[in-house]
Protein chains: 2
Amino acid sequence: MPKSPAPLYEQIRQLIVAALAAGEWRPGDALPSEAALAERFHASSGTVRKAMDELAAAHVVERRQGAGTFVATHTAPRNPYRFLRLVADEGVTTGFTRELLHCRRARATAETARALHLRTSEPVIEVRRLLLRRGRAVVLDDLWLPERHFRGLSSEVINAYPGTLYALFEERFQVHMVRAEEKLRAVAATAEAAELLGVADGAPLLSVERVAYTYGDRAVELRRGLYHTEADHYLNELN
Amino acid sequence: MPKSPAPLYEQIRQLIVAALAAGEWRPGDALPSEAALAERFHASSGTVRKAMDELAAAHVVERRQGAGTFVATHTAPRNPYRFLRLVADEGVTTGFTRELLHCRRARATAETARALHLRTSEPVIEVRRLLLRRGRAVVLDDLWLPERHFRGLSSEVINAYPGTLYALFEERFQVHMVRAEEKLRAVAATAEAAELLGVADGAPLLSVERVAYTYGDRAVELRRGLYHTEADHYLNELN
DNA sequence: TAGTGGTCTAGACCACATC
DNA sequence: ATGTGGTCTAGACCACTAA
């Protein structure tokens, strides 16, 4: 065994992520058993297990005792909105209904280009939609996606799909979101946002700017949400 | 070995937390070596190690290879404001200066009582302070602490202490904060908050309501922060 | 140099899901 | 009944820190 810069379990972890990025296993698929992976990577099962521990902690894979280890998916998880931290003040965990406002081709602004590592004015797809609870708009989302990874995305495609956007991206474009970074601010509602969210002009809104990453820390979505936090709040756990 | 409801490493983890809550080791102290703990708990070092893995992941302990394992502390960590997610938009990571506005005895409101598991009108200590960067107020914090755990806390004590509040709580009152839950909202500045933060009346502010917990998930602080997010943002990592 | 945590192995046995 | 992940062990060796 050559003297290595990174520990073996870390190398194995990276090799598995690379295989996921290459599409060797798709979201929802079962991975080979730990014993099989140990043989493949010429390591003991304990070492493979440590690599899988980290992938499971990062929600990249999901283990089910007795059944196997599966690639994490947005298509049929416990919580469909895995990255949405907005919850109702009262425990009413009713889901959201969605309303698509538009989906159109556009060119990357300087800000979008920076976030997604594109060149300015590269083609992107811009999506705007509302999330509503009991008919009341709670979230106004604007999304920007690099066109080259989401070719064919349109209003029709979105409206025809029953699940969340991230599930759609996964099934239709083989883009699985692994993690995200969010920057939060309080802002005053513009006239446009106020009307769409049914609040007064200038009302305080929670602005959530998200960059989402797929396997290998590739940024593939910029999203700006405006949350109406009158009967909802953004919940965060710190440790 | 009796048949047990929880795995051995989980029992060991809980026993170590209980020992920390009982003050057997104080923040900054070195824990016994993994081999010593293995003997104490009649387990193998691998099992003890798994328990320590989880405690390290939760920032309850800190491992330093070659030196030992130490109880996490707020007194001399890398980041003094461990739970403060507010960062400047531009990478200028200058620290904050603090300005204490008041520290006084009060009675728990219904809301405070609920958050801290007290009875309504039990005595609490109320603290208000500002965090400033380059002379500009960025955060207005209100804290409520159960008086029975913080007897003797006063403006003089706070002003005489050079470190953060959590470091003070740890050194002087043996209350170490382990984790916290935050609820975020956008709100309009009241006249009082606007004046203290130097913003317009009604300006949007980020409201951060935090409940902080010590060992064993005991809630010991309720804090409400108002963040001025014009040149700063609340940064959150999702996975 | 002695002691600590970090890596890796080989294997036993258990709990659980699936067929 | 088979195969999976989950727990636990015993021990070797390495990398690092501190006296």
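Every value quoted in this text rests on a predicted model; they were computed, and no experiment measured them. The chains referred to below are lettered A, B, ... by the order of the sequence lines, with proteins before strands, and numbering in each begins at 1.
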Please determine whether salt bridge (charged side-chain N to carboxylate O under 4.0 Å, His left out) holds for the pair B/Arg129 and B/Asp141, giving the CA-CA distance in whole Å, both sets of side-chain angles, and the decisive distance to 0.1 Å.
CA-CA 5 Å; B/Arg129 62 97 176 257; B/Asp141 270 331; 3.1 Å; yes
A/Met52 CE to D/dG6 P, in whole Å, measures 9 Å
Just wondering, do B/Phe150 and B/Val124 contact through their side chains at under 4.5 Å, heavy atoms?
no
Expressed as a whole number of angstroms, how long is the span from A/Glu39:CD to C/dT9:C1'?
16 Å
Please state whether the phosphate of C/dG6, meaning OP1 or OP2, lies under 4.0 angstrom from any side-chain nitrogen or oxygen of B/Arg49.
yes
Using a 4.0 Å heavy-atom cut-off across all strands, classify B/Thr69 as base, sugar-phosphate, or nothing.
sugar-phosphate
Rounded to whole Å, how long is the line connecting atom CZ of B/Phe41 with atom P of D/dT9?
13 Å
Give a yes/no on whether any side-chain N or O of A/Tyr9 is located under 4.0 angstrom from OP1 or OP2 of C/dC8.
no
Taking the side chain of A/Ala67 as heavy atoms from C-beta outward, which of C/dT4, C/dC8, C/dA17 is closest to it?
C/dA17
For B/Gly68 and A/Ser44, find the nucleotide of DNA chain C closest to each by heavy atoms; which residue's nucleotide sits nearer the 5' end?
B/Gly68
Starting the side chain at C-beta, find the nucleotide from C/dG5, C/dT9, C/dA15 nearest to A/Gln65.
C/dA15
For B/Leu31 and for A/Ser45, find the nucleotide of DNA chain C with the closest heavy atom, then tell me which residue's nucleotide is more 5'.
B/Leu31
Please state how far atom CD in A/Glu10 lies from atom C1' in C/dC8, giving the value in whole angstrom units.
15 Å
Please work out if A/Ala35 contacts a base, only the sugar-phosphate, or nothing of the nucleic acid, heavy-atom cut-off 4.0 Å.
nothing
Strictly by salt bridge (Lys or Arg N to Asp or Glu O under 4.0 Å), give each pair with a member in residues 151-171 of chain B just once, sequence neighbours left out.
B/Glu147-B/Arg151
Under 4.0 Å, counting only non-hydrogen atoms across every strand here, what does A/Glu34 touch: a base, just sugar-phosphate, or nothing?
sugar-phosphate
May I ask you to evaluate whether B/Arg63 reaches the phosphate of C/dG6, defined as a side-chain N or O under 4.0 Å from OP1 or OP2?
yes
Could you tell me whether B/Arg82 sits above the aromatic face of B/Tyr166, with NZ or CZ closer than 6.0 angstrom to the six-membered ring centre and within 45 degrees of the axis?
no
Tell me whether B/Arg179 forms a cation-pi arrangement with B/Tyr213, defined as NZ or CZ under 6.0 Å from the six-membered ring centre and within 45 degrees of its axis.
yes
Can you tell me if the side-chain N/O atoms of A/Lys50 get under 4.0 Å from OP1 or OP2 in C/dT7?
yes
Take the protein atom CZ of A/Arg13 and the nucleotide atom C1' of C/dT7, then report the distance between them rounded to whole Å.
16 Å
Rounded interatomic separation in angstrom, taking NE2 from A/His42 and P from C/dC8
15 Å
